[in-house]
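The block underneath contains the structure these notes are about, expressed in structure tokens.
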Amino acid sequence: MVHGGTDTTIEAKEGVVLLDEQARQMSLFGDIAEFEQGKDELNMAEYPLSLAGKSLSSRKSGDGSEITFCEHIRDKSTGKLVERQVTISSPPSLGLPTYYDEEVLFGILQITNYRRRQSGGGDGWPKQVSFTRYELCKLLGLKHGKSGYQRLFNSIKRLAKTSYQFEYSWFDNDDEAWRNSVIINFIQDVVWQEAKNGKYGRVTITWNDHVHESFEAGYLRNINYLEYRAMELPLAKALYRFLGKHFWRRPRLSFDLHTLAYEKLGLSRKYDTGQIKRALAPAIAKLEERGYIKPVDAKQRYEKVRVGVWKIHFEMGLPAEKLPGKTTIADVETTPLERRLVAEGVSKGVAAALVADMPGELIERKLDVLGWLDGQKQSPSSNRGAWLAKSIREEWQDPPEYKSPAEREEELRMRHRRRAQHQEREMAKQQAQAEYEQALSERRVVVTRFWESLDPEQQEQLKAEAIGTGPASKLRRDRWKIFVEMLLGERLEAAGKLAPLPPDPSRVA
């Protein structure tokens, strides 16, 4: 194990699980409401400490991945513009930290604060803190289990190996001054101990000296960690922390829109103004919904200074203790999928394990199968929760007649399409029939007028022609009017005095 500077070693050991380990580790979550009284280190809240999303792209620098966030501010003492920036660098084999990694780092800060409060706070902030993988996953609302713990290990390893270079962007609260340059790894050392059953392993981390000094110097603010968790959206969480740092100065804040988006929240620099507004909209709506900022319309939120330059404005909402629908651990301890399983009779512990170990898509499908069976009156009559849990764990095959929601939706669309097409055909047929009847009526009027214009001798001659001679003439005599009408119609058509009669739709196949 190497201590000091930025040298970091990850040590994994096989540990022996003590008999009281489970009870000890669960003690943290017996008092989880205490995390309402969380802390945020203010240097960590000013800039992104990770790739905020897929829209960010890193650039290669030397033998590692690197990305820089920067801004220009005016030094109040000299009046000159100063470039302030943070550069994040990590080994290419690990890649740059992600939003998930930044959540892990923030969670470790909350556990550190909790350990300090447990000890009475008299000895200051602990530089070294121990916790179990289960504790950290539970605090963050992440899946626990073998795959979740491996992901957690990879995340802490990446954080320990990632270097952050602060240029005029690390504030030393003891001296009340910005440091010209500070290069740190937030996590200085890590010891990772694997438990034999793969569940109760202990993790011990040592904070970097500069970070620990900042804790001790009080460059922190109070934060309701449960309220932070309730923000849900990554961008809403980042905005919650950033605004919280600045609201203590004044209740109304204004920022250059592009600087806030690119350098403070980590949105892609390829985004134009419209794309930035669309990306921020859900996060701002979440903060407004929680009462953290006052809701305003877009005209009040955004101000166009000149072409290509916009400002964004925020005003502090209600104090945290007066926020509507105050967050409790019940709001954040379980996931929506866990709650759906519990509602179907699965125990809370089994539901948590299923969500941790099994793909979410599989669980969603088995819940839908159960609902489909209810509709078919074929659902299990007893031990519903056990039946559902077993169908998920053993990945039972779906009933042959079952169709997924997507398949059912497609079938419904096809039925609606066929019904609409049938209705269109019927309407077209009715329209064609109406047009035929109208043309036939008009034709008869013309033919009748022409017939009535003939003298009796001409009529008799035309009648004889229409009836004709031979065996068929006897059958035509009783219906001579029809055959006269047909004959006159043909002759008037030939003379161009009558439009052709369209086909009879009732006789068209």
Side-chain angles (χ1 to χ4, degrees), residues 272-275 277-278 281-282 285 297-299 361 364-365 367-379 398-509:
D272 59 26
T273 301
Q275 290 172 309
K277 290 179 180 180
R278 286 192 291 274
D297 60 31
K299 290 182 179 180
E361 297 81 2
E364 292 276 5
R365 188 176 181 93
L367 281 165
D368 186 71
V369 169
L370 183 58
W372 179 84
L373 289 172
D374 287 341
Q376 302 296 314
K377 301 189 184 302
Q378 298 177 16
S379 53
D398 299 330
E401 305 84 4
Y402 167 79
K403 292 182 173 60
S404 69
E407 291 170 329
R408 297 199 299 270
E409 185 178 351
E410 180 60 25
E411 283 190 352
L412 184 61
R413 278 200 298 266
M414 289 300 295
R415 284 200 298 272
H416 287 166
R417 188 178 302 142
R418 287 193 293 268
R419 186 180 298 116
Q421 289 172 347
H422 175 73
Q423 290 174 346
E424 286 177 5
R425 287 195 298 270
E426 286 300 310
M427 290 180 64
K429 188 175 180 180
Q430 292 173 10
Q431 179 68 23
Q433 189 66 38
E435 291 174 356
Y436 173 78
E437 296 291 346
Q438 178 67 23
L440 184 60
S441 176
E442 294 174 355
R443 184 185 185 90
R444 283 173 176 166
V445 170
V446 173
V447 169
T448 300
R449 287 177 180 171
F450 185 83
W451 170 260
E452 292 175 349
S453 69
L454 299 176
D455 57 40
E457 184 179 345
Q458 291 174 318
Q459 289 179 348
E460 284 300 323
Q461 183 181 351
L462 190 59
K463 180 178 175 182
E465 290 180 21
I467 293 173
T469 58
S473 63
K474 295 180 181 180
L475 298 175
R476 293 182 178 183
R477 283 193 182 97
D478 295 335
R479 304 171 63 193
W480 65 270
K481 289 184 179 180
I482 296 174
F483 295 100
V484 167
E485 181 179 321
M486 291 173 59
L487 180 60
L488 278 177
E490 291 173 0
R491 291 183 176 179
L492 289 172
E493 279 185 27
K497 296 180 179 181
L498 191 65
L501 187 67
D504 185 353
S506 64
R507 297 184 179 183
V508 176

Solution key, residues 445-459 side-chain donor-acceptor pairs under 3.5 Å, sequence neighbours excluded:
{"from": "Thr448", "atom 1": "OG1", "to": "Arg444", "atom 2": "O", "distance (Å)": "2.6"}
{"from": "Ser453", "atom 1": "OG", "to": "Phe450", "atom 2": "O", "distance (Å)": "2.5"}
{"from": "Asp455", "atom 1": "OD1", "to": "Glu457", "atom 2": "N", "distance (Å)": "3.2"}
{"from": "Asp455", "atom 1": "OD1", "to": "Gln458", "atom 2": "N", "distance (Å)": "2.7"}
{"from": "Gln458", "atom 1": "OE1", "to": "Asp455", "atom 2": "N", "distance (Å)": "3.1"}
{"from": "Gln459", "atom 1": "NE2", "to": "Trp451", "atom 2": "O", "distance (Å)": "2.9"}
{"from": "Gln459", "atom 1": "NE2", "to": "Leu454", "atom 2": "O", "distance (Å)": "3.3"}

### Under the side-chain contact (heavy atoms from CB on, under 4.5 Å) test, residues paired with Ala439 that sit two or more places apart
Leu501, Pro502
### Query
By side-chain contact (heavy atoms from CB on, under 4.5 Å), which residues pair with Leu373, not counting sequence neighbours?
Val369, Gln378, Ser379, Trp387, Pro399
### Query
Considering residues at least two apart in sequence or located in another chain, which fulfil the side chain to side chain donor-acceptor pair (under 3.5 Å) criterion with Gln431?
Glu435
### Query
Who are the salt bridge (charged side-chain N to carboxylate O under 4.0 Å, His left out) partners of Asp398, not counting sequence neighbours?
Arg365, Lys366
### Message
Working to the nearest 0.5 angstrom, can you tell me the gap between Leu462 CG and Leu487 CG?
### Response
5.0 Å
### From CZ (Arg419) to CZ (Arg417), nearest 0.5 Å
12.5 Å
### Task
Could you tell me which residues satisfy side chain to side chain donor-acceptor pair (under 3.5 Å) with Glu364, sequence neighbours excluded, listed by chain and number?
Arg340
### Message
Applying side chain to side chain donor-acceptor pair (under 3.5 Å), can you list everything that pairs with Gln430, at least two apart in sequence or on another chain?
### Response
none
### Message
According to salt bridge (Lys or Arg N to Asp or Glu O under 4.0 Å), does anything in residues 487-499 pair up with another residue at least two apart or in another chain? List the pairs.
### Response
Arg443-Glu493, Glu465-Arg491
### Task
Identify, with sequence neighbours excluded, every residue that meets side-chain contact (heavy atoms from CB on, under 4.5 Å) alongside Asp272.
Gln275
### Task
Applying side chain to side chain donor-acceptor pair (under 3.5 Å), name anything that partners Gln438, two or more places apart in sequence or on another chain.
Glu442
### Message
Measuring from atom OG1 of Thr273 to atom CZ of Arg278, what distance do you get when rounded to the nearest 0.5 angstrom?
### Response
10.0 Å
For residues 401-416, dump all side-chain donor-acceptor pairs below 3.5 Å to protein atoms at least two apart in sequence or in another chain.
{"from": "Tyr402", "atom 1": "OH", "to": "Asp368", "atom 2": "OD2", "distance (Å)": "2.6"}
{"from": "Ser404", "atom 1": "OG", "to": "Glu407", "atom 2": "N", "distance (Å)": "3.2"}
{"from": "Ser404", "atom 1": "OG", "to": "Glu407", "atom 2": "OE1", "distance (Å)": "3.4"}
{"from": "Glu407", "atom 1": "OE1", "to": "Ser404", "atom 2": "N", "distance (Å)": "2.8"}
{"from": "Arg408", "atom 1": "NH1", "to": "Asp368", "atom 2": "OD2", "distance (Å)": "3.0"}
{"from": "Arg408", "atom 1": "NH1", "to": "Lys403", "atom 2": "O", "distance (Å)": "2.5"}
{"from": "Arg408", "atom 1": "NH2", "to": "Asp368", "atom 2": "OD1", "distance (Å)": "3.0"}
{"from": "Arg408", "atom 1": "NH2", "to": "Asp368", "atom 2": "OD2", "distance (Å)": "3.2"}
{"from": "Glu409", "atom 1": "OE2", "to": "Arg413", "atom 2": "NH1", "distance (Å)": "3.1"}
{"from": "Glu410", "atom 1": "OE1", "to": "Arg413", "atom 2": "NE", "distance (Å)": "3.3"}
{"from": "Glu410", "atom 1": "OE1", "to": "Arg413", "atom 2": "NH2", "distance (Å)": "2.4"}

